Amino acid sequence: MNIAVLSSEKGTTLNALLHEEQKIAPASVVLVITTKPHASIIKKVAHFNKQAIVIDNNDYSTTHEFETMLQQTLSEHHIDIVVLAGFMTILSSDFVSQWKKRIINIHPSLLPLFPGLNAPQQAIQSGATVSGCTVHFVDHTIDQGPVLAQTTVPIKHNDTPASLHQRIQHEEKNLLIQCIKTLALGAL
Ligand code: GAR
């Protein structure tokens with residue numbers, strides 16, 4: 001089962017996933033796509049002998065053109081499952097409907113709480129004592145598609161958004177491994 005990971009910039013979670021890629025067998029990451037030509041993720045991926053392709057949305061005048069290129073690239077690499085791991089471009093309903101139940105996203109909160117940007121900051125500001133991460137199917141909504149799995153993480157009284165995010169990201173890798181493996185085994 002061929003996995004493509006779409007990630008915008010640092011690729012912290014993807015990097016951690018690639019370190020333990022054997023755990024997602026029979027799936028494997030065959031392709032990484034980023035929208036940023038200078039994303040630090042590109043070097044990280046090369047370290048694992050994986051291919052990273054830049055599809056910069058600024059090179060396309062419409063979302064349709066950008067997504068046509070994305071779709072073509074995924075088809076050329078015979079991708080079965082698309083994983084969004086820190087992919088900050090919103091995909092259109094048309095695009096995600098072509099990948100129904102075959103595109104998942106990892107988000108740093110216990111959805112449906114705190115969707116969108118700066119989820120760890122939103123959690124701290126809300127006064128919550130627990131947050132976490134969620135893997136969900138991507139649909140036409142933003143971060144509100146059907147949930148596959150969640151992991152909770154405590155919020156400490158002295159947490160900053162960065163310290164909470166770091167603790168959450170530690171769990172993101174494990175949750176993604178579990179969800180990709182489940183999908184790969186057709187167990188959903
Ligand atoms: C990850 O924590 C991911 O959950 C989050 O962006 C981070 C990417 O970090 N995604 C979202 O917030 C999606 N709404 P990274 O580039 O260091 O892996």
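Because the structure is a prediction, the values reported are computed rather than measured.
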Evaluate Q51 against V30 for side chain to side chain contact (heavy atoms under 4.5 Å, CB included), listing each step before the verdict.
CA-CA 7 Å; Q51 191 177 8; V30 299; over 6 Å; no
Distance from [X] atom [atom1] to [Y] atom [atom2], nearest 0.5 Å?
{"X": "H38", "Y": "D56", "atom1": "NE2", "atom2": "CG", "value": "9.0 Å"}
{"X": "E171", "Y": "S131", "atom1": "CD", "atom2": "OG", "value": "11.5 Å"}
{"X": "I41", "Y": "L6", "atom1": "CD1", "atom2": "CG", "value": "9.0 Å"}
{"X": "D143", "Y": "I90", "atom1": "CG", "atom2": "CD1", "value": "8.5 Å"}
{"X": "E67", "Y": "Q98", "atom1": "CD", "atom2": "CD", "value": "8.5 Å"}
{"X": "K173", "Y": "Q178", "atom1": "NZ", "atom2": "CD", "value": "12.5 Å"}

query = How far apart are the C-alpha atoms of H136 and N105, what are their side-chain angles, what is the distance that settles it, and do they pass the side chain to side chain donor-acceptor pair (under 3.5 Å) test?
reply = CA-CA 6 Å; H136 65 94; N105 178 46; 3.1 Å; yes
task = Taking the six-membered ring for Trp and the single ring otherwise, decide whether the centroids of H107 and F114 are under 6.0 Å apart.
result =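 Not close enough - the centres of the two rings lie 6.0 Å or further apart.
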Are the side chain of [X] and the backbone N or O of [Y] linked by a donor-acceptor pair below 3.5 Å?
{"X": "T35", "Y": "S8", "result": "no"}
{"X": "S163", "Y": "D159", "result": "no"}
{"X": "S7", "Y": "A85", "result": "yes"}
{"X": "Q150", "Y": "V135", "result": "no"}

Out of curiosity, does [Y] fall in the hydrophobic cluster containing [X] (side-chain heavy atoms, cut-off under 4.5 Å, transitive links)?
{"X": "V96", "Y": "L70", "value": "yes"}
{"X": "V29", "Y": "I33", "value": "no"}
{"X": "V5", "Y": "M69", "value": "no"}
{"X": "L91", "Y": "I81", "value": "no"}
{"X": "I103", "Y": "L17", "value": "no"}

So do [Y] and [X] actually touch side chain to side chain, heavy atoms under 4.5 Å?
{"X": "I55", "Y": "F66", "value": "yes"}
{"X": "I3", "Y": "I180", "value": "yes"}
{"X": "L84", "Y": "I106", "value": "no"}
{"X": "V130", "Y": "L110", "value": "yes"}
{"X": "L176", "Y": "I104", "value": "yes"}
{"X": "P37", "Y": "I42", "value": "no"}
{"X": "L18", "Y": "K50", "value": "yes"}
{"X": "N15", "Y": "F48", "value": "yes"}

**Message:** Under the criterion side chain to side chain donor-acceptor pair (under 3.5 Å), I'd like the reasoning laid out for N2 against S28: C-alpha separation, chi angles, the key distance, then a yes or no.
**Reply:** CA-CA 6 Å; N2 292 338; S28 64; 4.6 Å; no
Exercise for the section: Please say whether more than 12 non-hydrogen atoms of neighbouring residues, nucleotides or ligands are located less than 6.0 Å from NE2 in H64. Expected result: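 Counting other residues, nucleotides and ligands, NE2 of H64 stays at 12 neighbours or fewer.
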- Message: Tell me whether Q166 at atom CD has more than 12 heavy atoms from other residues, nucleotides or ligands lying less than 6.0 Å away.
- Response: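 No, CD of Q166 has 12 or fewer neighbouring heavy atoms, counting only those of other groups under 6.0 Å.
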Using side chain to side chain contact (heavy atoms under 4.5 Å, CB included), reason through L148 and T134 one step at a time and then give a plain yes or no. CA-CA 8 Å; L148 276 84; T134 301; over 6 Å; no
| query | Hey, is R167 close enough to E172 for a salt bridge, meaning N to O under 4.0 Å? | reply |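 E172 and R167: not salt-bridged.
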Heavy-atom closest contact ([X] atom, [Y] atom, distance):
{"X": "L175", "Y": "C133", "result": "CD2-O, 3.6 Å"}
{"X": "W99", "Y": "I79", "result": "CH2-O, 3.5 Å"}
{"X": "S40", "Y": "K10", "result": "OG-CA, 3.5 Å"}
{"X": "I53", "Y": "H77", "result": "CD1-CE1, 3.8 Å"}
{"X": "L164", "Y": "P154", "result": "CD1-O, 3.9 Å"}
{"X": "A25", "Y": "K181", "result": "O-NZ, 2.7 Å"}

For a side chain to side chain contact (heavy atoms under 4.5 Å, CB included) check, start with the C-alpha distance between F137 and L183, then their side-chain angles and the critical distance, and finish with the verdict.
CA-CA 11 Å; F137 282 119; L183 280 173; 4.1 Å; yes
Note to self: Could you tell me if Q122 and S109 have a donor-acceptor pair between their side chains, going purely by distance under 3.5 Å?
What the structure shows: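 Result is no, nothing qualifies.
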Between the side chains of D139 and T141, is a donor N or O closer than 3.5 angstrom to an acceptor N or O?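 Judged by distance alone, the side chains do pair up.
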Show the numbers, then the answer: is there a side chain to side chain contact (heavy atoms under 4.5 Å, CB included) between K44 and H47?
CA-CA 5 Å; K44 287 181 183 150; H47 176 77; 5.7 Å; no
